[in-house]
2 protein chains.
Amino acid sequence: MDQERPVKLSDISKALNLSVSTVSRALKDSHEIGEETKRIVQSYASKVNYRPNLIAQSLKEMNTRYIAIIVPEISNSFFAEIVNGVEFVANNRGYHVVIYQTHDSTEREINIIRDVARRKADGLLLSPSTNQTDVNEVMKSIGAKLPVVYFDRVPSDNYCHKVVCDNYQAAFEATSWLIQQGKRRIAHMAGPSGISISIERLAGYSAALLHAGISVDPNLIRYSNFLAREAWDNLRDLEEKYQPDAYFASSDRLSFYCYEAVQQLPEPRASEVKIVGFTNAPFAHLLRPKLSAIVQPAFDMGKIAAEMLLNTITKKNKDIEYGFIKLPAVLKNTE
Amino acid sequence: MDQERPVKLSDISKALNLSVSTVSRALKDSHEIGEETKRIVQSYASKVNYRPNLIAQSLKEMNTRYIAIIVPEISNSFFAEIVNGVEFVANNRGYHVVIYQTHDSTEREINIIRDVARRKADGLLLSPSTNQTDVNEVMKSIGAKLPVVYFDRVPSDNYCHKVVCDNYQAAFEATSWLIQQGKRRIAHMAGPSGISISIERLAGYSAALLHAGISVDPNLIRYSNFLAREAWDNLRDLEEKYQPDAYFASSDRLSFYCYEAVQQLPEPRASEVKIVGFTNAPFAHLLRPKLSAIVQPAFDMGKIAAEMLLNTITKKNKDIEYGFIKLPAVLKNTE
DNA sequence: TTAATTTACGCAAACGATTGCGTAAAATAG
DNA sequence: CTATTTTACGCAATCGTTTGCGTAAATTAA
């Protein structure tokens with residue numbers, strides 16, 4: 001029963017003295033094939049454990065029934081939850097999800113996008129890394145054949161599908177909460193400048209300050225790439241020169257770096273400085289003193305992004321309507 | 001320049017008045033093609049942005065140059081690090097890595113394995129979930145065509161490739177350390193019974209107790225599947241009936257559940273009960289009171305597993321030598 | 001100068017599945 | 001009983017590449 005080599009249609013056709021096309025149609029329960037023949041073929045196929053070769057099917061049908069998702073880092077809980085949402089929808093609709101990581105390298109990102117296109121994924125979910133121009137370059141050269149939905153970090157133009165959370169609103173709320181706690185010198189540890197999430201979060205932060213009559217001090221705003229080194233230098237410099245009484249951190253990693261840096265300060269600062277940051281880490285609430293968290297609806301974002309993508313993939317009519325979904329984030333651990 | 005449809009070999013051959021085979025060979029720099037022709041073909045191909053269709057290539061060559069890795073959950077830092085190690089090696093050797101999650105569902109796992117086989121992945125890295133028999137069933141039916149390396153949770157027989165950490169040693173050290181701290185009623189929150197890691201960790205735990213002259217109390221040993229519900233019930237029951245003075249937790253999730261449960265106890269127990277657990281979470285060291293961590297060399301495990309797999313894939317001679325690598329884990333945050 | 005070899009290319013089969021079309025035999029219509 | 005339709009199947013092209021083999025022309029050997 002253990003075949004050394006996977007069974008193919010022609011094996012069945014020889015064994016049953018039928019043509020390959022008859023076997024193929026019989027397995028798909030085609031009305032062109034007699035009931036008796038179908039039964040014979042199907043039972044034989046299941047007996048010898050026949051599984052269609054997906055490579056061959058893909059080549060013929062020009063689709064692969066899988067979608068790709070490219071994220072910076074799967075260990076980041078935010079992205080892991082997004083992936084889970086995507087899988088939830090995609091699997092229900094018969095699609096597989098292939099996960100790629102860029103580790104925040106634009107070069108890797110470009111290679112992956114090229115590969116995804118060459119492997120003929122049916123669609124792509126993308127949160128493009130810092131340097132957007134190169135990536136757009138590649139996306140153009142891929143051609144219009146690859147449906148794309150952007151999430152989290154998204155292009156500014158309106159001719160694409162996008163799913164984000166309301167970064168402005170979340171940043172506004174988080175900063176306002178810090179102000180309510182009596183903080184005035186609120187530092188903002190921002191992500192890479194120039195990308196959508198950084199811009200919006202900065203805008204929300206600034207608006208909250210101005211709304212409370214506090215002027216925005218550029219010295220308290222620090223951009224970090226995703227290198228630990230850069231973030232630490234920024235934190236050290238802020239502490240040496242400005243001693244903020246609160247931090248608003250723009251990403252999972254930055255939140256924890258802030259937290260760690262603050263914990264290393266001498267008391268009473270260590271327990272007085274408040275931190276609020278974007279994070280979906282499942283165990284963030286265990287930290288004492290608290291790390292207040294802006295939690296994004298990552299699972300839902302993934303679900304919606306996947307639905308948008310699969311809808312455009314399976315859509316028959318060509319006139320595309322670009323969607324732009326914005327979901328609210330919630331502020332937690334605010335005691 | 002933007003082509004609506006990907007360029008294929010026949011497009012080039014028509015444009016240049018050459019045969020498809022000549023174009024194909026020219027692009028591979030075959031010695032059978034004249035230098036002049038090669039130049040023309042290559043420059044034209046790059047001008048029109050030709051990218052070989054990987055589906056067609058795979059069908060012809062009967063390999064896909066990608067390997068699959070199946071993990072329970074990518075958000076688990078241990079597995080995320082493993083994946084990173086695998087990618088590191090695989091990418092250097094020209095292979096792509098496709099990541100799948102089982103969410104600890106055997107049914108999903110089986111479907112994924114089948115899919116991996118049908119999509120003709122060149123190899124598979126697998127940490128099989130609880131119920132091993134079904135999975136083995138599937139692996140048999142796939143046939144001997146799919147090279148597999150097991151990691152973390154591994155089969156007991158010796159006719160397969162395996163990469164693990166020294167679970168016995170790690171559990172022995174962790175338990176011994178708790179004993180040194182003066183703890184005697186040490187509970188063991190174990191994973192699903194019957195799988196390799198659970199068995200070995202239990203053995204190390206028991207050996208450490210016996211070595212210190214402490215008898216092993218079965219009431220203090222609790223198996224949990226990966227459902228939060230079950231773990232919480234176990235914890236509650238332990239606290240109500242036995243009030244352990246320390247916990248040894250067998251996985252990332254269990255470690256954090258223990259920690260959370262203990263923190264909810266009334267003082268002074270909350271700060272007296274010590275916890276040591278397997279975890280690779282990058283921010284575990286920020287917790288106060290401390291969560292002592294058994295950290296596995298996940299990145300290296302991934303690297304080694306990928307090397308073993310790629311070596312068997314690219315090996316010409318058929319005589320396989322099964323490898324069994326065991327790496328040490330280290331105990332951290334022991335103040 | 002003839003024979004043997006090399007160079008540079010084209011033809012066509014393969015990989016495994018799908019599908020439009022053709023066609024005997026059987027069933028139904030007239 | 002002939003004409004038409006239906007049933008049930010096979011042939012062969014196709015998806016995009018790769019590659020064994022064949023072969024004219026060009027080169028080298030004798």
Side-chain angles (χ1 to χ4, degrees), chain A residues 3-42 44-45 48-65 114-115 117-122 142-143 145, chain B residues 3-42 44-45 48-65 115 117-122 143 145:
Chain A
Q3 59 281 343
E4 188 50 42
R5 170 181 61 80
V7 176
K8 47 192 178 181
L9 284 186
S10 66
D11 296 329
I12 302 183
S13 85
K14 273 170 203 152
L16 265 42
N17 252 328
L18 290 167
S19 77
V20 175
S21 44
T22 300
V23 174
S24 173
R25 277 185 260 251
L27 290 173
K28 314 190 113 56
D29 215 32
S30 161
H31 65 276
E32 292 192 70
I33 305 298
E35 293 303 323
E36 178 62 10
T37 311
K38 282 195 217 173
R39 248 192 307 279
I40 295 177
V41 171
Q42 286 168 2
Y44 183 82
V48 296
N49 232 304
Y50 168 75
R51 310 277 166 190
N53 181 324
L54 282 190
I55 308 268
Q57 274 186 332
S58 297
L59 180 61
K60 187 69 178 71
E61 315 235 301
M62 284 316 191
N63 65 20
T64 50
R65 298 195 73 75
R114 285 229 173 82
D115 194 68
R118 296 205 303 157
R119 289 188 189 275
K120 308 295 172 192
D122 289 348
I142 297 306
K145 305 283 294 186
Chain B
Q3 58 281 341
E4 188 49 41
R5 170 181 61 81
V7 176
K8 45 192 180 182
L9 284 186
S10 65
D11 296 329
I12 302 183
S13 85
K14 273 170 202 153
L16 265 42
N17 252 328
L18 290 166
S19 78
V20 174
S21 45
T22 300
V23 174
S24 174
R25 279 186 259 250
L27 290 173
K28 313 191 110 57
D29 216 33
S30 161
H31 65 276
E32 291 193 70
I33 304 298
E35 293 301 325
E36 178 62 6
T37 312
K38 282 194 214 169
R39 250 191 305 279
I40 295 176
V41 171
Q42 286 168 3
Y44 183 82
V48 296
N49 232 305
Y50 169 74
R51 309 276 166 190
N53 181 325
L54 283 189
I55 307 267
Q57 275 186 332
S58 296
L59 180 59
K60 190 68 178 76
E61 316 232 299
M62 284 316 193
N63 65 18
T64 50
R65 300 195 71 73
D115 195 68
R118 296 205 303 158
R119 289 188 189 275
K120 308 295 173 190
D122 289 349
K145 306 281 295 185

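Reckoned from all heavy atoms, side chains included, excluding hydrogens, waters and symmetry mates. Naming convention: chains lettered A, B, ... in sequence-line order (proteins, then strands); numbering from 1 in each chain.
- Listed by chain and number, the residues in a side-chain hydrogen bond (donor to acceptor under 3.5 Å, both in side chains) with B/E36 are B/R39 (sequence neighbours excluded).
- Residue-level contact check: B/S58 touches neither bases nor backbone, having no heavy atom under 4.0 Å from any strand.
- Rounded to a whole Å, the NE2 atom of A/H31 is 11 Å from the P atom of D/dT6.
- In this structure, A/N53 has no side-chain hydrogen bond (donor to acceptor under 3.5 Å, both in side chains) partners at least two apart in sequence or on a different chain.
- For the pair B/R119 CZ and C/dG16 P, the computed distance is 18 Å after rounding to whole Å.
- Nearest-nucleotide mapping onto DNA chain C: of B/G34 and A/Q57, the residue sitting toward the 5' end is B/G34.
- Phosphate contact (OP1/OP2 of D/dT17, side-chain N/O of B/Y50, threshold under 4.0 Å): present.
- One interatomic measurement links the two molecules: CD1 of A/I33 to C1' of D/dG10, which rounds to 10 Å at whole-angstrom precision.
- Annotation: salt bridge (charged side-chain N to carboxylate O under 4.0 Å, His left out) contacts of A/R119 (sequence neighbours excluded): A/D115.
- Donor-acceptor pairing under 3.5 Å is lacking for the side chains of B/N63 and B/R65.
- Annotation: side chain of B/L18 is in contact with side chain of B/T37 (closest heavy-atom distance under 4.5 Å).
- Closest approach of B/Q57 and B/P52 over heavy atoms only: NE2-CB, 3.6 Å.
- Between the P atom of C/dA17 and the NZ atom of B/K120 lies a distance of 8 Å, rounded to the nearest Å.
- Nucleic acid contact class of A/I55 (heavy atoms, under 4.0 Å, all strands): none.
- Using a 4.0 Å heavy-atom criterion, one finds that B/T37 contacts the sugar-phosphate atoms exclusively.
- Listed pair B/S19 / C/dG10 meets the phosphate criterion, a side-chain N or O lying under 4.0 Å from OP1 or OP2.
- A donor-acceptor contact shorter than 3.5 Å is absent between the side chain of A/S24 and the backbone of A/V20.
- Proximity of A/S24 to the phosphate of C/dT18: a side-chain N or O atom is located under 4.0 Å from OP1 or OP2.
- For the helix from C/dT5-D/dA26 to C/dG30-D/dC1, the axis fitted to the five pairs at one end and the axis fitted to the five pairs at the other end meet at an angle of 60° (nearest 10 degrees).
- Closest of all the heavy-atom pairs between A/V7 and A/Y50 is O-CD1, 3.3 Å.
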Shorter than 3.5 Å, N or O on both sides, protein versus nucleotides 21-28 of chain C: list them out with atom names.
none

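- Across the protein-nucleic acid pair, B/K14 atom NZ and C/dG10 atom C1' stand 16 Å apart, rounded to whole Å.
- If you measure from atom CG of A/L18 to atom P of D/dC11, you get 11 Å, rounded to the nearest angstrom.
- Put simply, CG on B/N63 is 16 Å from P on D/dT17, counting in whole angstrom units.
- Residues A/K120 and B/P6 come closest through the heavy atom pair NZ-CG, 3.7 Å.
- Atom P of nucleotide D/dA25 and atom CD of B/E36 are separated by 21 Å, given to the nearest angstrom.
- Closest approach of A/A26 to A/I33, counting heavy atoms only: N-CG1, 3.9 Å.
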Close N/O contacts between protein and nucleotides 12-15 of chain D (under 3.5 Å):
none

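- Contact annotation: the side chain of A/T22 never approaches that of A/L16 to less than 4.5 Å [non-hydrogen atoms, C-beta and beyond].
- Using a 4.5 Å cut-off on side-chain heavy atoms (C-beta onward), B/L27 and B/L9 make contact.
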